[in-house]
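Order of the sequence lines sets the chain letters (A, B, ...), proteins ahead of strands, with each chain counted from 1.
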Amino acid sequence: MERYDPHAIEAKWQKVWEEERAFHVPNPKPGDDLPENHWYQLEMLPYPSGPSLHMGHVLNYTMGDVQTHVRRRSGWNVLRPMGWDAFGLPAENAAIREGRHPRETIERNIETMRAQMKRLGWAIDWEREVSAHQPTFYRWTQWLFQQFWKHGLAYRKEAPVNWCPNDQTVIANEYVIDGRCERCGAEVELRNMTQWFFRTTAYADELLEYPGADWPEKTKAIQRNWIGRSEGAEVLFRVDELDLDLPVFTTRPDTLFGATFFVVAPEHPFVEAHASAAAQEYAKRSGAKSTEERAAEKEKTGVFSGHHATNPINGERLPIWVADYVLMDYGTGAIMAVPAHDERDAQFAETFDLPIVPVIDEDGRLVNSARFDGLPAEEGKRAIVAALEEQGRGKATVNYRLRDWSVSRQRYWGCPIPFVHCERCGVVPVPEDELPVLLPDIEDYAPKGKPPLAQNEEYMAVACPQCGGAARRDPDTMDTFVDSSWYFIRYVDSHNGEAAWDPFVVDYWMPVSQYIGGIDHSTGHLLYSRFFVKALNDWGLLGFREPFARLFHQGWVQLGGTKMSKTKGNVAGPDEIVDAYGADAVRLYILFMGPADQDMEWVPEGVEGIVRFLRRLWRVVHEVAERAPSPGRREGELARKANETIVRVTDDVLRRFQFHTPIAAVMELVNELSAATDAPDARFAAETAVSVIQPYAPHVAEELWGVLGHERLWEHPWPEPDEAQLVRDTFELVVQVNGKVRDRVEVEVSLSEEELVARARASDRVAQHLDGGEPRKTIVVPGKLVNFVV
RNA sequence: GCCGAAGUGGUGGAACUGGUAGACACGCCGGACUCAAAAUCCGGUGCCCGCGAGGGCGUGUGGGUUCGAUUCCCACCUUCGGCACCA
């Protein structure tokens with residue numbers, strides 16, 4: 001028996017797979033006899049912003065790999081691509097730190113990461129590889145951007161946006177965490193800028209539904225929170241002396257009679273146009289404070305504006321206050337204040353001694369509400385909205401927390417926005433046959449508060465495609481999440497030079513069967529991608545409405561108690577363990593550490609147990625090959641254990657999506673086998689162990705498959721259990737007295753319930769606990785236990 | 001405050017549909033092999049009482065349902081995640 005030498009084995013088989021294009025999957029063509037079962041296995045694509053993979057990547061992609069192997073060998077046509085999220089801030093910042101051009105840094109990082117991936121032996125179809133920064137990819141990102149514009153889902157407007165003073169760019173709402181930039185942690189500022197937006201709010205309601213997609217409740221709840229749908233009414237309050245209407249949004253139209261004052265946000269246009277000097281002064285002061293600071297204040301503040309608004313339901317004149325507890329960016333920026341039924345309004349009323357009128361009694365019925373008195377609140381809502389609607393002073397509406405997605409970035413390393421600004425024609429798309437608008441190589445791409453491309457005359461000066469006059473390119477680049485909102489579609493048809501994709505091919509493979517990635521993308525990438533697919537489906541470009549049929553979130557691999565990340569610098573990669581013990585050991589270990597959906601602390605020392613297991617497997621299989629009869633029997637104790645192992649591994653991987661328990665199951669089998677390597681059914685047990693561990697440790701499994709006299713395990717059919725062998729003749733009957741286990745007896749499966757009771761009664765230890773008495777009741781669970789109740 | 005998830009040995013964890021709690025590992029203890037060590041192999045290892053046979057306790061806490069609860073129900077505690085002056 002040769003020594004187990006993982007490096008030699010791994011290099012050998014990786015070469016074979018590459019030469020044979022073992023994991024390449026061709027696309028179907030119309031008229032092909034298509035395999036019925038197909039599976040699109042996808043894990044979130046990596047950012048090549050750092051020079052290497054960390055154990056979090058290893059966990060994710062190994063999970064996908066196990067899934068891929070088991071499905072492939074079970075007869076599924078499996079698509080398993082890979083690519084690079086190469087544009088964007090992290091990549092650009094890494095390049096700036098290194099003092100190189102981003103393309104150089106990123107392409108070098110991609111090289112390294114790809115080599116690491118290959119060294120781990122993942123079954124990836126590398127022929128489909130794409131990267132967001134390649135013109136062959138971003139040509140279609142630009143084309144898609146223009147499609148959004150043509151369908152009215154991309155637009156420009158001046159609006160307050162989140163500006164990161166450190167990264168010198170706008171960032172999306174979705175990536176502002178507690179008022180800070182998700183990337184660098186700097187506090188963001190609100191700036192009024194003209195920007196491109198994608199109209200995600202057009203799909204707000206639909207994004208709350210998941211037709212055909214089996215997603216974790218957790219993720220759906222996060223998205224639901226983010227979208228923040230609330231039903232209510234818009235009510236118009238009249239300011240008679242100014243001859244204008246102020247609309248408010250309320251979820252409680254039933255409390256309209258309880259409104260005793262009216263409040264507008266400091267940023268509300270009413271303030272600048274009509275409020276008193278004192279109120280304007282107040283608005284200026286509070287405008288300097290962030291929402292967080294305002295919320296942190298103990299006392300509510302505000303100033304009377306000098307005007308009154310009329311409550312449309314009862315004609316009451318309410319003083320209009322300016323107060324910063326009302327936010328301009330939610331609802332209409334103005335509220336009707338009902339201090340009796342709103343905590344914040346109550347605080348304000350108390351501070352400024354304003355009246356409080358209760359309009360809902362303890363039984364939830366309307367009071368002090370004229371002809372609506374006595375109605376239950378829900379009915380009161382409907383009745384009051386109906387009354388307002390009749391007068392043209394209000395209507396039922398739905399309000400959302402979700403904002404449109406801001407996609408312009410004032411940075412260099414991103415996909416150019418394919419539009420031209422012409423003084424005469426306005427915003428004009430670059431003609432399709434001129435795409436892609438290439439990202440020019442420029443010397444100075446450092447952020448300066450203005451987009452670096454704006455300073456490049458050669459890029460900026462362009463003839464208007466419409467009138468031919470002098471015009472300017474859009475100097476911004478796209479948010480990198482635009483790239484990642486459709487990369488999974490491009491994978492399917494990555495070499496298509498005629499179109500972004502061929503719908504025939506896309507509709508065969510998609511939606512993604514199983515997506516694996518971090519839950520941190522719930523309100524960003526995962527929401528944007530759903531928005532994209534819904535829009536594309538509406539335009540007839542693909543035949544499904546949800547991109548990801550099933551979704552799984554892995555836990556964080558932590559080091560020192562916090563998630564591994566390049567920004568934090570607490571990163572451990574696979575290289576050292578691969579060097580010491582081989583790729584198979586790393587793959588097994590990262591999955592053996594615990595349930596894949598839970599956070600786990602990276603403790604490299606534990607790999608010892610896996611290494612022992614691999615050496616034992618190696619030794620035991622060699623012993624079997626020498627000693628056990630061939631071809632051997634497929635029945636007996638070991639054969640039964642082997643069949644049970646097949647059931648457990650298959651069920652855990654395919655149905656339960658659980659990856660650590662199958663390893664334990666194979667360990668049990670190998671432990672039993674090691675005690676009887678010359679048994680008549682030892683060969684079957686060894687073959688089974690090698691076969692079912694193959695998705696986890698494909699190299700050593702392939703080698704040992706050869707030792708057992710076979711070849712090409714990677715395409716060998718996944719084993720099916722022999723049902724007959726799973727049936728036992730006897731089982732261990734648990735005998736309880738009052739629910740406590742008192743004895744265990746080996747009995748035949750064929751026994752009747754009466755016979756089981758008789759056998760249980762025969763136990764001395766049971767007699768002891770029955771203490772001469774007769775059981776009051778006897779519970780029999782066939783195949784399991786007998787319980788005597790006294 | 002609202003929404004969601006999780007609490008099991010010294011450690012990671014198992015127990016899927018209410019039926020043997022602690023599989024599989026790590027660590028630790030003991031033994032074999034060895035001049036010795038490493039590697040490997042064998043045995044032990046939830047806690048308490050007992051020489052032993054055996055007994056009691058035990059899945060965050062307190063209750064409940066049940067012949068039987070880590071699993072179901074109620075209340076609470078702790079930790080983690082999302083939203084939050086959102087009208």
Rounded to whole angstrom, note down the [atom1] distance from [N] over to [M].
N     : M     : atom1 : answer
B:G12 : B:A6  : C1'   : 16 Å
B:A37 : B:G46 : C1'   : 34 Å
B:A15 : B:C24 : P     : 13 Å
B:G60 : B:G55 : C1'   : 27 Å
B:A25 : B:A32 : C1'   : 23 Å
B:C73 : B:A23 : P     : 28 Å
B:G4  : B:C49 : P     : 45 Å
B:G7  : B:A87 : P     : 33 Å

(message) Can you see whether A:W556 has A:K563 sitting over its ring - NZ or CZ less than 6.0 Å from the centre and within 45° of the normal?
(response) yes
(request) May I ask you to say what A:V326 touches in the nucleic acid, namely base, sugar-phosphate or nothing, with a heavy-atom cut-off under 4.0 Å? (result)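 Contact class for A:V326: base.
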(message) Need one value for A:D345: base, sugar-phosphate or nothing, where a base atom within 4.0 Å counts as base even if backbone is also close, heavy atoms only.
(response)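 Result for A:D345 = nothing.
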What is the per-nucleotide protein-contact pattern of [range], from the 5' end, where B denotes a base atom under 4.0 Å from a protein heavy atom, S denotes such proximity for sugar-phosphate atoms only, and - denotes neither?
range                        : value
nucleotides 41-57 of chain B : S-------------SSS
nucleotides 66-73 of chain B : -B------
nucleotides 6-15 of chain B  : ------SSSS

(message) Using heavy-atom distances to pick each residue's nearest nucleotide on RNA chain B, tell me which of A:G609 and A:G333 is more 5'.
(response)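 Closer to the 5' end of RNA chain B: A:G609.
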Watson-Crick or G-U counterpart of [N], or none if no pair lies under 3.5 Å:
N     : value
B:A23 : none
B:C80 : B:G4
B:U40 : B:A32
B:A69 : none
B:A75 : B:U61
B:C47 : B:G56

(request) Go through the structure and list residues passing side-chain hydrogen bond (donor to acceptor under 3.5 Å, both in side chains) with A:Q736, not counting sequence neighbours. (result) none
Rounded to whole Å, please give me the gap between [atom1] in [X] and [atom2] in [N].
X      : N     : atom1 : atom2 : answer
A:I519 : B:G81 : CD1   : C1'   : 7 Å
A:E234 : B:A87 : CD    : C1'   : 13 Å
A:R615 : B:A39 : CZ    : C1'   : 8 Å
A:R224 : B:C3  : CZ    : C1'   : 8 Å
A:Q558 : B:C80 : CD    : P     : 12 Å
A:K641 : B:A23 : NZ    : C1'   : 9 Å
A:D342 : B:A87 : CG    : C1'   : 6 Å
A:N225 : B:G1  : CG    : P     : 16 Å

Show the atom names and distances, to 0.1 Å, of all donor-acceptor pairs under 3.5 Å that link a side chain in residues 661-670 of chain A to residues at least two apart or in another chain.
{"residue": "A:T661", "atom": "OG1", "partner": "A:D652", "partner atom": "OD2", "Å": "2.7"}
{"residue": "A:T661", "atom": "OG1", "partner": "A:Q658", "partner atom": "NE2", "Å": "2.8"}
{"residue": "A:E668", "atom": "OE1", "partner": "A:K641", "partner atom": "NZ", "Å": "2.8"}
{"residue": "A:E668", "atom": "OE2", "partner": "A:R648", "partner atom": "NH1", "Å": "3.4"}
{"residue": "A:E668", "atom": "OE2", "partner": "A:R648", "partner atom": "NH2", "Å": "3.4"}

Go through the structure and list residues passing salt bridge (Lys or Arg N to Asp or Glu O under 4.0 Å) with [X], not counting sequence neighbours.
X      : value
A:D329 : none
A:K784 : none
A:E187 : A:R180
A:K218 : none

Are there more than 12 heavy atoms of other residues, nucleotides or ligands under 6.0 Å from atom [atom1] of [X]?
X      : atom1 : value
A:D178 : CG    : no
A:E231 : CD    : no
A:E209 : CD    : no

(request) Using side-chain contact (heavy atoms from CB on, under 4.5 Å) as the criterion, point out the one residue from A:N311, A:L236, A:T310 that pairs with A:R393. (result) A:L236
(request) Would you list the pairs meeting salt bridge (charged side-chain N to carboxylate O under 4.0 Å, His left out) in which at least one residue belongs to residues 605-624 of chain A, sequence neighbours left out? (result)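 For residues 605-624 of chain A: A:R619-A:E623, A:E623-A:R627.
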(message) Considering only residues two or more places apart or on different chains, which pairs with a residue in residues 256-268 of chain A satisfy salt bridge (charged side-chain N to carboxylate O under 4.0 Å, His left out)?
(response)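 Found A:E267-A:R294.
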(request) Assign the ring pair A:Y696 / A:F659 to parallel, tilted or perpendicular, where the plane angle (0 to 90°) is split at 30° and 60°. (result)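 Perpendicular, since the angle between the ring planes exceeds 60°.
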(message) Counting only heavy atoms and a strict 4.0 angstrom limit, can you tell me which residues of residues 664-671 of chain A come near RNA chain B?
(response) A:A664, A:M667, A:E668, A:N671
(message) Between A:D651 and A:R656, does any side-chain N to carboxylate O distance fall below 4.0 Å?
(response) no
(request) Please determine if A:E672 and A:R640 form a salt bridge, counting it only when a charged side-chain N lies under 4.0 Å from a carboxylate O. (result)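 No, this pair does not count.
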(message) Going by the glycosidic torsion and a 90 degree boundary from 0, is the base of B:G9 oriented syn or anti?
(response) syn
(message) Whether A:R401 contacts B:C83 is assessed here as follows: a side-chain N or O lying under 4.0 Å from the phosphate OP1 or OP2. Is that the case?
(response) no
(message) With a 3.5 Å cut-off and heavy atoms only, can you find an N or O donor on one side and an acceptor on the other between the side chain of A:R655 and the base of B:C16?
(response)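 Yes, the side chain and the base share a sub-3.5 Å donor-acceptor pair.
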